[in-house]
2 protein chains.
Amino acid sequence: MATPRTSRVDPLTVEVVELIGTVVARYHEEYEREAGQHALTGSQARLLALLTLEPLPMRQIAVRLKCEPSNVTGIVDRLEARGLVERRPDPQDRRVKLAAVTDEGRRTARKLRDGLSFAREPLAELSHEERVVLRDLLARMLG
Amino acid sequence: MATPRTSRVDPLTVEVVELIGTVVARYHEEYEREAGQHALTGSQARLLALLTLEPLPMRQIAVRLKCEPSNVTGIVDRLEARGLVERRPDPQDRRVKLAAVTDEGRRTARKLRDGLSFAREPLAELSHEERVVLRDLLARMLG
DNA sequence: TATTGTTATACTCTATAACTATA
DNA sequence: TATAGTTATAGAGTATAACAATA
């Protein structure tokens, strides 16, 4: 007993896991850095990107961001103070407030997304066929 | 002009980028959740894992964690208060303090690592040959 | 009664600047 | 004087609990 875990997992799997960890770390660093370029925190940038797709009730935002609804109030407050997001009433239910990006917010979101070079450049190293293989492998990994 | 970005990037690349984003999100969620299982924050768990490899000066920790040295004081304080980490003097330089995991900290780090099922289970879906392909593709992506 | 969003509170992480003790 | 670690401070994210407005 007391066998070290690494001896129970084959070296190839360990190597792949570490590579995935590196991808995750690099992706996150770049996202935080790019958000910072626009004076946004990571949470603010994620919410802005989310609202680019469609306006959402505060409650739904909490679900998507996987945080408590009380936190959403502050994040939307700060984005709203900068004119990137606005609160709208929901005609269907007067309890609900919809958060929606403004034109300015949409421009900021687009600039931010275009700045994320990691998402594009490393893939440029791979041929079309290799991307197909990578896509299929990742899709199977994610179930 | 004003061409939407998505029309400048081929759909396959977009798909792969989104898959990577999903991997990143799932990896992070699991890490935070597993850290929480042991009443640790993500930063505390990352530092604990880092110190499992070797004791480090506070200054070096800041570099590895990519944060300011002043933040390290608090994170080490909290881990030390729980007996997972200890500060040791550096015989070479009396200004330096080395942070090192305790036996208890090592046990916690091991349990935490073993709880990270995402890193193993999805790969179980792939054959040995497929893992070789995935490893090579990721390695080329990361340069 | 139940739900939506908010407020109040407390803790952690974060960066900046100033401080101390060594070098 | 330069460096290592800390302290002080302030802003932001997080969870919990309690609250007002609406359903």
Side-chain angles (χ1 to χ4, degrees), chain A residues 25 28-51 55-82 84-100, chain B residues 25 28-51 55-82 84-100:
Chain A
H28 246 258
E29 283 164 28
E30 173 167 341
Y31 199 87
E32 293 288 326
R33 176 161 25 86
E34 188 60 28
Q37 294 287 321
H38 300 276
L40 294 170
T41 65
S43 293
Q44 290 168 6
R46 275 187 292 279
L47 175 51
L48 194 62
L50 181 62
L51 295 181
L56 286 173
M58 304 297 278
R59 209 80 185 185
Q60 272 303 310
I61 292 174
V63 173
R64 302 290 290 273
L65 259 47
K66 297 184 201 305
C67 70
E68 293 302 312
S70 59
N71 302 331
V72 179
T73 299
I75 301 175
V76 170
D77 279 350
R78 285 163 214 124
L79 288 174
E80 194 169 32
R82 289 181 51 188
L84 304 178
V85 156
E86 64 182 14
R87 283 173 167 90
R88 298 176 188 163
D90 182 340
Q92 316 296 320
D93 185 336
R94 287 195 298 167
R95 291 174 303 181
V96 173
K97 289 177 189 169
L98 297 171
Chain B
H28 247 260
E29 283 164 28
E30 172 167 342
Y31 199 88
E32 293 289 324
R33 175 162 25 87
E34 188 60 28
Q37 294 287 322
H38 299 275
L40 294 171
T41 65
S43 293
Q44 289 167 5
R46 277 186 291 278
L47 175 52
L48 194 61
L50 181 61
L51 295 180
L56 287 174
M58 305 297 277
R59 211 80 184 183
Q60 271 304 310
I61 292 174
V63 174
R64 302 290 289 273
L65 258 48
K66 298 184 201 304
C67 69
E68 294 301 312
S70 59
N71 301 331
V72 179
T73 299
I75 301 175
V76 170
D77 279 350
R78 286 162 214 124
L79 288 174
E80 192 169 33
R82 289 181 50 189
L84 304 177
V85 156
E86 63 182 14
R87 283 174 167 90
R88 298 177 188 163
D90 181 341
Q92 316 296 317
D93 186 336
R94 287 194 299 165
R95 291 174 303 180
V96 173
K97 289 177 190 168
L98 297 170

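In what follows, chains are A, B, ... by sequence order, proteins preceding strands, each numbered from 1.
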Self-check item: For atom CD of Glu32(A) and atom P of dC13(C), their distance in whole Å
Solution: 15 Å
Exercise. Answer whether the closest heavy-atom distance between the side chains of Arg87(B) and Asp77(B) falls below 4.5 Å.
Key: yes
Quiz prompt | Proximity to the side chain of Arg94(A) - top-ranked nucleotide from dA8(D), dG5(C), dT22(D) | solution = dT22(D)
Practice problem: Would you mind reading off the distance between Leu40(B) atom CG and dC11(C) atom C1', rounded to a whole angstrom? | Solution: 15 Å
Practice problem: Identify which nucleotide among dT6(C), dT6(D), dA15(C) has an atom closest to any side-chain atom of Arg87(A), counting heavy atoms from C-beta outward. | Solution: dT6(C)
Quiz item: Between dT6(D), dT16(D), dT14(C), which nucleotide has the shortest distance from any of its atoms to the side chain of Pro69(B)?
Solution: dT6(D)
Self-check item: Rounded interatomic separation in angstrom, taking CD1 from Ile61(A) and P from dG5(C)
Solution: 8 Å
Quiz item: If you look at every strand shown and take non-hydrogen atoms under 4.0 Å, does Thr41(A) touch a base, only sugar-phosphate, or nothing?
Solution: sugar-phosphate
Quiz item: If you check the Lys97(B) side chain, which of dT6(D), dC13(C), dT7(C) turns out closest?
Solution: dT6(D)
Practice problem: Grab the CZ-C1' distance between Arg33(B) and dA15(D) for me, whole Å please. | Solution: 17 Å
Self-check item: Nearest-nucleotide comparison on DNA chain D, the residue closer to the 5′ end among Asp93(A) and Gln60(B)
Solution: Gln60(B)
Self-check item: Side chain of Ile75(A) - closest among dT14(D), dT6(C), dT6(D)
Solution: dT14(D)
Quiz item: Taking only side-chain nitrogens and oxygens of Arg59(B), does any of them come within less than 4.0 Å of OP1 or OP2 of dA4(D)?
Solution: yes
Exercise. Nearest whole angstrom, please: distance from the C1' of dT14(C) to the CZ of Arg78(B).
Key: 11 Å
Exercise. Could you work out which one of dC13(C), dT16(C), dT14(D) sits closest to the side chain of Glu68(B)?
Key: dT16(C)
Exercise. Report the distance from atom CG of Asn71(A) to atom P of dT12(C), rounded to the nearest whole Å.
Key: 16 Å
Self-check item: Under-3.5 Å donor-acceptor pair between Arg95(A) side chain and dT3(C) base
Solution: yes
Practice problem: Please state how far atom CD in Gln92(A) lies from atom P in dT4(C), giving the value in whole angstrom units. | Solution: 15 Å
Quiz item: To the nearest 0.5 Å, how far apart are CG in Leu98(A) and CG in Leu51(A)?
Solution: 10.0 Å
Exercise. Kindly compute the distance separating CG (Leu65(B)) from CD (Gln60(B)), expressed to the nearest 0.5 Å.
Key: 11.5 Å
Quiz item: What is the distance from CG of Leu47(B) to P of dT12(C), rounded to the nearest Å?
Solution: 15 Å
Quiz item: Between CD of Glu29(A) and NZ of Lys66(B), what distance do you get to the nearest 0.5 Å?
Solution: 4.5 Å
Quiz item: Once you round to the nearest 0.5 Å, how far does CG of Leu40(A) lie from CD1 of Ile75(A)?
Solution: 11.5 Å
Exercise. For Ser70(A), report the nucleic acid contact type (base, sugar-phosphate, nothing); a contact means any heavy atom under 4.0 Å.
Key: base
